[in-house]
Amino acid sequence: MMTRRQRIRAALLTWYDSHARTLPWRVAPDDPRVPDPYAVWLSEVMLQQTTVAAVAPRFERFVARWPTVEALAAAPAEVLMAEWAGLGYYARARNLHACAKAVAERGGFPRTLEGLQALPGIGAYTARAIGAIAFGLEVTPVDGNIERVTARLEAITDPLPGARPVIADAVRTLFDDGPRPGDTAQALMDLGSGVCVPRAPRCGACPLLGDCQGAGKGLAAALPARAPKAVRPSRHGLAWVATHKDRVFLELRPPTGLLGGTLAPPTSPWVEGGPCDAAPPFAGSWRPVGTVVHVFTHFRLTLDVMTAAVVPQALAGRAGQWVERSGLDGCGVATVFRKALALVPEA
DNA sequence: AAGACGGGGGT
DNA sequence: ACCCCAGTCTT
C-alpha cells in the first residue's frame with residue numbers, strides 16, 4: 001500500500017521522465033551526466049522574477065561568452081552589465097559578478113545550503129535549487145510555481161503572503177528527504193509552468209489530479225489566494241536625449257538604486273503628481289518627441305522625452321559618453337530608456 | 001515586517 | 001490598456 005506522499009512523488013517523477021522540458025541549462029532525466037553547478041546557478045539567478053522564454057536566449061549568450069565561473073569572475077563589470085541589459089533587477093547582475101568572484105576565489109561552489117546562501121544574490125530559494133539540482137541535496141526550492149502547485153495540492157486557502165510558511169511546511173513534508181531531489185524540483189517547476197498554471201489550470205493533464213485536494217474541492221483555479229493588491233502610485237519625469245550626428249548622449253546611472261549601473265540619458269527627478277517642469281541639464285533647442293509609459297514594480301512612470309541637437313563641446317565637463325544609435329543593443333541600456341530613445345528621430 | 005527593485009506575457 | 005507574475009536585499 002502506497003502512502004499519498006509516495007503516490008504523488010512517483011506520479012510526479014514518472015510524468016517528468018516523459019514530459020520534461022528541454023532547457024539550455026538542464027540535464028535531461030535520462031542523461032547520466034551531472035549538472036554543471038555553474039549552469040544551474042547562472043540559470044536560477046537569471047530566472048529569479050522572470051520567465052524561461054526571456055532567459056533562454058540570454059543564458060546561451062552568457063555561457064558562450066563566459067563558459068566557466070572563473071571566466072565570468074574575470075569579466076569587466078560594464079561588459080557583464082551590457083549582457084544583462086533588458087533582464088531587469090540590475091542588482092542581480094552586480095550580485096552575480098560578486099558571487100562569481102567569491103566562488104572562483106574559493107575554488108568552486110559550496111555544497112551546503114548554508115554555504116550557498118551566504119553568497120551574494122543567493123537566497124533561500126536559489127540555495128535549495130542549486131543544492132537539489134546540482135548537488136543532490138534532499139531539499140526542495142520553493143518558488144512561485146511550487147508554492148502554487150502545493151497550495152492547490154493541499155487546498156491551502158490562507159492568502160499569500162501570510163500563508164507562505166504554511167505552504168513551505170507542506171512542501172517539506174511532501175517533497176524533501178527523498179530520491180531524485182533535483183528532478184523532483186524541476187518536475188514541480190515544469191508542472192507549475194505548463195499544467196498547474198496561474199489562471200486556468202489544465203487539471204485534465206495533471207499527473208497529480210487524483211491526489212489534488214484543491215481540484216477535488218473545485219478550488220484549484222482560485223488558489224493560491226492573495227491579499228488585496230496595493231495601489232501603484234504614478235510618477236512623472238523628463239528625459240533629455242541630446243543628439244550629435246548619429247550619436248546620443250548617455251550617462252552611467254549611480255551603481256545602486258533603480259536601474260543602477262545602466263546607461264541612460266539625463267532625466268529630471270521623477271515626482272508623484274502632474275507633469276514636472278524641471279530645467280534641462282544643459283542648453284539646447286529642446287523639443288518634445290513623445291511620451292513613454294513604463295510600469296515598475298512599485299510605481300508607474302510617465303516619461304516625457306525631449307531632444308535637441310547639441311555640439312559635444314557644450315557638454316564639456318559632464319561625465320557621459322556619445323553612443324552610436326546603431327550600437328545601443330548590448331551596451332547596457334534598460335528597457336524604459338530604449339523605449340525613450342526609440343522616440344527620437346534619426347538626425 | 002515592509003519596501004525597493006524590471007520586464008514580459010496573457011487577456 | 002490592464003492585470004498578473006515572481007526572489008533577494010535593505011531598512
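Lettering follows sequence order; numbering is per chain, from 1.
Nucleic acid contact for A:Thr50: base, since at least one base atom lies under 4.0 Å from a heavy atom of the residue. Across all strands shown, A:Arg148 has heavy atoms under 4.0 Å from sugar-phosphate atoms exclusively, and none from any base. Nucleic acid contact for A:Val295: base, since at least one base atom lies under 4.0 Å from a heavy atom of the residue.
Listed candidates were C:dC5, C:dT8, B:dG7. Nearest to the side chain of A:Leu259 is B:dG7. Between B:dG7, C:dC4, C:dG7, one nucleotide has an atom nearer to the side chain of A:Gln49 than all others, and that is C:dG7. Closest approach to the A:His298 side chain among B:dG8, C:dC5, B:dA4 is made by B:dA4 (side chain taken as heavy atoms from C-beta onward). For A:Tyr125, the side-chain atoms get nearest to C:dG7 when compared with the rest of C:dG7, B:dG9, B:dG7. Closest to the A:Ala54 side chain, of the nucleotides C:dT8, B:dG8, C:dC4, is B:dG8. Distance from the side chain of A:Arg300 is smallest for C:dC2 among the nucleotides C:dC5, C:dC2, C:dG7. Comparing atom distances between the A:Tyr89 side chain and each of C:dC4, B:dG8, B:dC5 picks out B:dC5 as nearest. Among B:dC5, C:dC5, B:dG7, the nucleotide with an atom closest to any side-chain atom of A:Arg226 is C:dC5.
Per the geometry, CG belonging to A:Leu47 stands 14 Å off P belonging to B:dG8, to the nearest Å. Residue A:Phe299 contributes atom CZ, which lies 9 Å from atom P of B:dA4 at whole-angstrom precision. Atom CZ of A:Arg232 is separated from atom P of B:dA2 by 19 Å (rounded to the nearest Å). Note: CZ (A:Arg199) to P (B:dG10) measures 12 Å, nearest angstrom. Distance OH (A:Tyr90) to C1' (B:dA4): 15 Å, rounded to an integer number of Å. If you measure from atom NE2 of A:His97 to atom P of C:dC9, you get 17 Å, rounded to the nearest angstrom. Atom CE in A:Met46 sits about 18 Å away from atom C1' in B:dC5, given to the nearest Å. Nucleotide B:dA4 holds its P atom 15 Å from the CZ atom of A:Arg253, rounded to whole Å.
Between A:Gly88 and A:Ala200, the residue anchored nearer the 5' end of DNA chain B, judged by the nucleotide with its closest heavy atom, is A:Gly88. A residue-by-residue look at A:Gln48 and A:Ala53 shows that A:Gln48 has its nearest nucleotide of DNA chain B further toward the 5' end. With DNA chain C read from its 5' end, the first of the two nearest nucleotides for A:Asn95 and A:Glu147 is the one closest to A:Glu147.
A:Thr243 and A:Arg325 share no side-chain donor-acceptor pair at under 3.5 Å. There is a side-chain donor-acceptor pair under 3.5 Å between A:Gln48 and A:Thr126.
We find that A:Asp190 and A:Arg26 are joined by a salt bridge, their nearest charged nitrogen and carboxylate oxygen being less than 4.0 Å apart.
Taking side-chain N and O atoms only, A:Thr126 has a distance below 4.0 Å to OP1 or OP2 of C:dT8. OP1 or OP2 of B:dA4 has not a single side-chain nitrogen or oxygen of A:Thr297 nearer than 4.0 Å.
Closest approach of A:Arg180 and A:Pro29 over heavy atoms only: NH2-CB, 3.9 Å.
Within a 6.0 Å sphere centred on CZ of A:Arg61, heavy atoms belonging to other residues, nucleotides or ligands number 12 at most. By the neighbour-count criterion of 12 heavy atoms within 6.0 Å, atom CZ of A:Arg318 is densely surrounded, having more than that number from other residues, nucleotides or ligands.
One P atom belongs to C:dC5, the other to B:dC5, and the distance between them is 23 Å to the nearest Å.
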